[in-house]
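The first residue in the sequence is number 1, and the count goes up from there.
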Amino acid sequence: VQLQASGGGLVQPGGSLRVSCAASRSTLDRYAIGWFRQAPGKEREEISCISNADYTTSYYSDSVKGRFTISSDEAKNTAYLQMNSLKPEDAAVYFCGADIWGCARSSWFLESEYDFWGQGTLVTVSS
């Protein structure tokens with residue numbers, strides 16, 4: 001399984017950005033995809049997860065709920081994280097991970113649940 005995150009960049013506060021997680025073939029039908037982020041000097045923080053069972057069931061951390069939307073396109077082997085109303089505190093390196101056990105409500109937020117990780121993509125929120 002290979003994952004590659006991309007789409008990061010510089011955006012002003014209040015702006016929007018979409019980051020992508022390109023996966024190797026058939027990954028999205030076998031693994032749930034989660035997004036985490038890590039700001040300098042901080043621990044990796046869970047953001048969201050989307051199920052590979054129905055490509056709809058998803059979970060979000062309180063810090064991004066209502067602003068971020070996760071989605072996946074199995075045909076393109078790519079998962080996305082649409083980020084709206086960005087705040088300076090959203091600035092971080094964003095990582096995607098693959099979880100073979102699916103996107104469980106009780107554990108999607110645990111970094112240890114994920115079997116594979118892509119390299120991160122840097123999101124900077126600044127005016």
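Contact between L3 and A23 at its shortest, heavy atoms only, is CD2-CB, 3.7 Å. Residues K76 and T78 share a closest heavy-atom pair of O-OG1, 2.8 Å.
You'll find the side chain of Y55 reaches within 4.5 Å of the side chain of D29, heavy atoms only. By the 4.5 Å heavy-atom criterion applied to side chains, I33 and Y114 are not counted as neighbours. Between W108 and E113 there is no side-chain heavy-atom pair separated by less than 4.5 Å.
Side chain of S58 to main chain of C49: no donor-acceptor pair is present (N/O by atom type, distance under 3.5 Å, no hydrogens or angles). When atom types are taken as modelled, the side chain of T56 and the backbone of D54 share a donor-acceptor pair closer than 3.5 angstrom. Side-chain N or O atoms of S51 include one that pairs as donor or acceptor with a backbone N or O of A53 at under 3.5 Å. Distance alone, capped at 3.5 Å, is enough to place a donor-acceptor pair between the S24 side chain and the Q2 backbone.
Residues W35 and V1 are members of one and the same hydrophobic cluster, defined by side-chain heavy-atom contacts under 4.5 angstrom among Ile, Leu, Val, Met, Phe, Trp and Tyr. The cluster map of Ile, Leu, Val, Met, Phe, Trp and Tyr, joined by side-chain heavy atoms under 4.5 Å apart, puts F36 and L81 in different clusters. Under the 4.5 Å side-chain heavy-atom criterion for ILVMFWY residues, no single connected hydrophobic cluster contains both L28 and Y80. Using a 4.5 Å cut-off between side-chain heavy atoms of Ile, Leu, Val, Met, Phe, Trp and Tyr, with links allowed through other members, V64 and Y59 fall into different hydrophobic clusters. Under a hydrophobic-cluster definition in which Ile, Leu, Val, Met, Phe, Trp and Tyr are linked whenever side-chain heavy atoms come within less than 4.5 Å, directly or via other members, M83 and F109 are assigned to different clusters.
Taking CD1 from I70 and CD1 from I47, the interatomic distance works out to 10.0 Å, rounded to the nearest 0.5 Å. Atoms OG and CD, from S48 and E46 in turn, are 10.5 Å apart once rounded to the nearest 0.5 Å.
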Output side-chain donor-acceptor pairs under 3.5 Å for residues 89-104, partner residues at least two apart or in another chain, one line each.
| from | atom 1 | to | atom 2 | distance (Å) |
| --- | --- | --- | --- | --- |
| D90 | OD1 | R37 | NH1 | 2.9 |
| D90 | OD1 | R67 | NH2 | 3.0 |
| D90 | OD2 | R67 | NH1 | 2.7 |
| D90 | OD2 | R67 | NH2 | 3.4 |
| D90 | OD2 | K87 | N | 2.8 |
| Y94 | OH | R37 | NH1 | 2.9 |
| Y94 | OH | D90 | O | 2.6 |
| D99 | OD1 | W101 | N | 2.9 |

Identify every side-chain donor-acceptor pair in residues 117-127 under 3.5 Å, counting partners at least two apart or on other chains, and give the distances.
| from | atom 1 | to | atom 2 | distance (Å) |
| --- | --- | --- | --- | --- |
| Q119 | NE2 | A5 | O | 2.8 |
| T121 | OG1 | G8 | N | 2.9 |

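Within a 6.0 Å radius of CD in E74, more than 12 heavy atoms belonging to other residues, nucleotides or ligands are found.
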